[in-house]
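Presented below is the structure to which this report refers.
Just so you know, residue 1 is the first one in the sequence shown, and it goes up from there. These figures come from a predicted structure and were not determined experimentally. Numbering of ligands and ligand atoms starts at 1, following listing order.
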Amino acid sequence: MDLVVLVSGRGSNLEALLTAIENGRCRARVSAVISDRPQAQALALATARGIPTQIVKPADYADREAWDHALSAAVAEFAPGLVVLAGFMRLIGASMLSRFGGRVINVHPALLPAFPGMDAPAQAIAKRVSMSGCTVHVVDAGVDSGPILSQAAVPVLEGDDEASLHARIQKAEHALLPAVVDAIATGQLSLDGPVPRYVGSTDGAERMFAWPPLI
Ligand code: GRF
């Protein structure tokens, strides 16, 4: 399955995905990496591996709609089977959703529906929760509100601040995202119906994809 990965920042999730692909844990291929920010460090990770990159930045367009249209055209050039938002810090709009709706996934640093939006680790610290984690979900028109595909829980420890909690959550993200992409790429997790479905069970039961896998 061909992926287009959208990034805005450091790219540690992109790197985890590329590493998992290189060592056979994620059976997919990154066709392109597209960013809204020319300075995103993630772009260098792609370039170093010979993966095409593109920048589609909002400042070059009249409004959000025009930017979203240009973004969807840039993504469409690579005809991906799946679009992965890996630290992409903008909401996609109607154009992206009408072309790729249901096949765009995002990784978020909290156990949704808790703490959607920006600064999820800081929100978790402020609320003094004892567990947080990360979620991979299908992107819809809302803020981190689409169907949940899989989650991994992470403890919040005494003395944690936003940075230390986010670092612990990111370790979980780096395992979860490639696992979910692999499940989609290999047909174990289907995004084709009205609701995402885990179709890999041998006993005929339908379950959600679980990470770590259920025994
Ligand atoms: C991740 O924590 C992800 O959950 C959030 O943005 C962060 C991106 O980190 N959406 P990176 O750029 O992949 O290192």
Side-chain angles (χ1 to χ4, degrees), residues 3-22 25-26 28 30 32-49 51 53-58 71 82-93 96 104-127 129 131-157 160-182 184 211:
L3 315 174
V4 167
V5 182
L6 304 190
V7 295
S8 299
R10 191 159 71 96
S12 68
N13 279 287
L14 171 65
E15 189 166 29
L17 203 52
L18 292 168
T19 303
I21 290 170
E22 277 156 22
R25 280 184 293 115
C26 181
V30 177
V33 172
I34 300 179
S35 181
D36 58 325
R37 293 176 69 233
Q39 66 273 38
Q41 289 163 262
L43 292 167
L45 294 170
T47 305
R49 288 166 163 90
I51 298 167
T53 62
Q54 280 196 30
I55 291 150
V56 184
K57 63 175 204 286
L71 180 65
L82 186 69
V83 180
V84 180
L85 310 192
F88 189 64
M89 303 313 278
R90 286 179 194 277
L91 293 179
I92 59 170
M96 277 294 292
V104 184
I105 65 170
N106 178 47
V107 56
H108 180 76
L111 293 176
L112 292 170
F115 312 134
M118 299 293 280
D119 306 324
Q123 294 183 53
I125 297 278
K127 288 288 184 193
V129 294
M131 294 298 287
S132 190
C134 54
T135 302
V136 177
H137 66 95
V138 176
V139 174
D140 66 8
V143 178
D144 302 320
S145 56
I148 290 170
L149 298 176
S150 193
Q151 298 185 302
V154 165
V156 183
L157 302 179
D160 260 342
D161 58 13
E162 178 187 357
S164 62
L165 177 60
H166 198 179
R168 193 174 310 114
I169 290 172
Q170 284 214 306
K171 282 198 182 147
E173 291 181 341
H174 298 162
L176 184 69
L177 182 63
V180 173
V181 171
D182 182 70
I184 296 168
W211 184 264

Is any side-chain heavy atom of [X] less than 4.5 Å from a side-chain heavy atom of [Y]?
X	Y	value
I92	F88	yes
S132	I169	yes
L112	I148	yes
H137	D144	yes
I105	L82	yes
D36	I55	no

Is there a salt bridge (Lys or Arg N to Asp or Glu O under 4.0 Å) between E15 and R10? Walk through the geometry before answering. CA-CA 9 Å; E15 189 166 29; R10 191 159 71 96; over 6 Å; no
Could you tell me, atom by atom, which parts of ligand 1 come under 4.0 Å of a heavy atom of [X]?
X	answer
E173	1 (C), 2 (O), 3 (C), 4 (O)
H166	1 (C), 2 (O)
G87	6 (O), 8 (C), 10 (N)

Considering heavy atoms of the protein only, find what lies nearest to atom 14 (O) of ligand 1 and give residue, atom and distance to 0.1 Å.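 Ranked first by proximity to atom 14 (O) of ligand 1 is S12 OG, 2.5 Å.
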Assess E15 for proximity to ligand 1: is some non-hydrogen atom of it under 4.0 Å away?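 Checking ligand 1 against E15, which is what was asked, there is no heavy-atom contact under 4.0 Å.
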So for A42, does at least one of its heavy atoms come nearer than 4.0 angstrom to any atom of ligand 1?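 It does not, in that no heavy atom of A42 comes within the 4.0 Å cut-off of ligand 1.
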Specify side chain, backbone, both or neither for H108, according to which of its non-hydrogen atoms lie closer than 4.0 Å to ligand 1.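 H108 to ligand 1: backbone contact only, side chain stays beyond 4.0 Å.
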Ignoring angles and geometry beyond distance, decide whether [X] reaches within less than 3.5 Å of ligand 1 through its nitrogen or oxygen atoms.
X	result
V107	yes
G11	yes
Q170	yes

